[in-house]
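Take a look at the following structure, please.
No experiment lies behind these values; they were computed from the predicted model shown.
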Amino acid sequence: MVLPIKRKYKLSSATSPIFNKPFSALLFDMDGTVLNSLAAAERVWGDWARSKGLDVEAFMPTMHGSRGIDTISRLGLPGVDPVAEAAEIERAEIDDVEGIIAIPGAVAFLKSLPPQSWAIVTSAPILLAKRRMEAAGIPFPEIMVTAEDVSIGKPDPQCYLLGAKKLGVDIADCLVFEDAPAGIQAGEAAGAEVLVITATQVHKLATQHATITDYNDITAEIGNDGKISIVRT
């Protein structure tokens with residue numbers, strides 16, 4: 001999911017280093033990157049924010065891209081247990097998958113990849129991640145990193161470092177697909193290359209990284225050595 005930023009971004013051209021470098025593995029965020037859960041997430045989080053007396057319009061942009069427990073903890077609300085509240089929100093999100101769909105081209109793109117060469121790295125808990133991926137028809141990877149696997153969530157790089165480790169590759173030889181500032185920062189801090197997906201962005205995002213609208217903009221070419229090159233269509 002994406003944090004709205006009102007500055008303009010510049011579309012990167014096919015001359016970006018990303019389109020000239022083969023990668024050993026691809027690491028994908030989930031919400032806003034391979035599937036669109038914006039409406040469902042904002043229904044649940046909007047109800048929660050109103051129940052706590054928060055300014056919903058000001059709060060909503062702050063909850064995208066981070067673990068629920070981290071979002072709630074940052075608020076420092078008196079008498080609120082972030083663990084219990086995050087668990088309640090998770091249950092509500094699992095129950096509400098109406099309107100969750102794949103980002104255009106994502107399913108075909110992921111199915112074109114060698115199974116051992118990609119992973120989902122999400123701030124969502126595992127049960128919610130599986131529920132949303134199933135709802136959107138996203139293929140399940142062999143490797144997933146979810147909220148339970150890390151002690152600190154995005155923008156900390158721990159999740160992406162763990163994803164690379166589980167795939168048995170160097171993070172510097174990975175390409176991270178992201179849509180939100182917290183995730184982009186996590187990919188940068190990990191030392192990976194980053195490609196930004198803009199399909200669900202309400203406001204255009206200022207970024208130095210290469211950007212694509214969706215997966216209809218790219219294809220994956222697999223080399224004889226098993227490495228993956230991203231080609232703009």
Counting only N and O atoms by type, is there a donor-acceptor contact under 3.5 Å from the side chain of Asp173 to the main-chain atoms of Val169? no
Is there a path from Ile222 to Ile18 through hydrophobic residues (I, L, V, M, F, W, Y) whose side chains come within less than 4.5 Å of each other? yes
With Asp47, which residues qualify under side chain to side chain contact (heavy atoms under 4.5 Å, CB included), at least two apart? Arg50
Trace of the side-chain contact (heavy atoms from CB on, under 4.5 Å) decision for Thr233 with Asn216: CA-CA 7 Å; Thr233 55; Asn216 291 325; 5.8 Å; no
Using only atom types and a distance under 3.5 Å, with no angle test, would you say the side chain of Arg131 pairs donor to acceptor with the backbone of Ile94? yes
Mind jotting down which residue pairs meet the side-chain hydrogen bond (donor to acceptor under 3.5 Å, both in side chains) criterion with at least one end in residues 217-226? Sequence neighbours excluded, please. none
Ile228 CD1 to Ser24 OG distance, which is reported to the nearest 0.5 Å: 8.0 Å
Measure the CZ-CD distance between Arg91 and Glu93 for me, rounded to the nearest 0.5 Å. 12.0 Å
If you round to the nearest 0.5 Å, how far is CD of Gln208 from OG of Ser16? 10.5 Å
side-chain contact (heavy atoms from CB on, under 4.5 Å) between Val231 and Phe19: does it pass, once the steps are laid out? CA-CA 6 Å; Val231 179; Phe19 301 105; over 6 Å; no
How close do Val145 and Cys159 get, heavy atom to heavy atom, and via which atoms? CG1-O, 3.9 Å
Do you know the tightest heavy-atom contact between Arg67 and Ala147? NH1-O, 3.3 Å
Among Ile184, Asp179, Ile212, Thr33, which residue meets the side-chain contact (heavy atoms from CB on, under 4.5 Å) test with Val196? Ile184
Of all heavy-atom pairs linking Ala190 and Leu161, the shortest is O-CD2, 3.7 Å
Taking only residues two or more places apart in sequence or in another chain, which ones pass side chain to side chain contact (heavy atoms under 4.5 Å, CB included) with Leu75? Trp48, Leu54, Phe59, Leu77
Other residues, nucleotides, ligands: >12 heavy atoms within 6.0 Å of Lys165 NZ: no
Under 3.5 Å donor-acceptor, Glu148 side chain and Ile126 backbone: yes
Give the table of side-chain donor-acceptor pairs shorter than 3.5 Å for residues 102-121, with sequence neighbours excluded, one pair per line with atom names and distance.
| residue | atom | partner | partner atom | Å |
| --- | --- | --- | --- | --- |
| Ser112 | OG | Phe109 | O | 2.6 |
| Ser117 | OG | Pro114 | O | 2.7 |

Charged N to carboxylate O below 4.0 Å: is that the case for Asp29 and Lys154? yes
Would Val80 and Ile72 satisfy side-chain contact (heavy atoms from CB on, under 4.5 Å), going step by step from the backbone distance to the final call? CA-CA 9 Å; Val80 170; Ile72 298 168; 4.0 Å; yes
Is there a donor-acceptor pair under 3.5 Å between the side chain of Gln158 and the backbone N or O of Ser151? yes
For Glu142, is there an ion pair with Lys166 - N to carboxylate O distance below 4.0 angstrom? no
When every non-hydrogen atom of Pro82 is compared with those of Ser73, the smallest separation belongs to CB-OG, 3.4 Å
What do the steps show when you test Asn36 against Thr200 for side chain to side chain donor-acceptor pair (under 3.5 Å), and what is the final call? CA-CA 7 Å; Asn36 184 347; Thr200 65; 5.5 Å; no
Would Ile69 end up clustered with Met60 when hydrophobic side chains under 4.5 Å apart are linked, directly or stepwise? no
What distance do Phe23 atom CZ and Asp170 atom CG have between them, rounded to the nearest 0.5 Å? 12.5 Å
Looking at CG of Asp214 and OG1 of Thr198, how far apart are the two atoms once the value is rounded to the nearest 0.5 Å? 7.5 Å
For the side-chain contact (heavy atoms from CB on, under 4.5 Å) test, which of Val194, Leu175, Leu162, Ile171 pairs with Leu27? Ile171
To the nearest 0.5 Å, what is the distance between CG (Leu167) and SG (Cys174)? 6.5 Å
Just wondering, more than 12 heavy atoms not from Lys130 lying within 6.0 Å of its NZ? no
Test side chain to side chain contact (heavy atoms under 4.5 Å, CB included) applied to Gln185 - qualifying residues, sequence neighbours left out: Pro155, Pro181, Glu188
Partner residues of Glu98 under the side chain to side chain contact (heavy atoms under 4.5 Å, CB included) criterion, sequence neighbours left out: Arg43, Asp96
Starting from Leu35, can I reach Phe140 by hopping between I/L/V/M/F/W/Y residues whose side chains sit under 4.5 Å apart? yes
Output, in order, the C-alpha distance, side-chain angles, deciding distance and verdict of side-chain contact (heavy atoms from CB on, under 4.5 Å) for Glu178 and His209. CA-CA 10 Å; Glu178 267 287 356; His209 298 291; over 6 Å; no
Looking only at heavy atoms, the pair that brings Ala124 and Met30 closest together is CB-CE, 3.9 Å
Give me the atom names and distance for the closest heavy-atom approach of Ala186 to Asp156. CB-O, 3.5 Å
Under 3.5 Å donor-acceptor, Arg132 side chain and Leu127 backbone: no
Asp149 side chain vs Thr146 backbone, donor-acceptor pair below 3.5 Å: yes
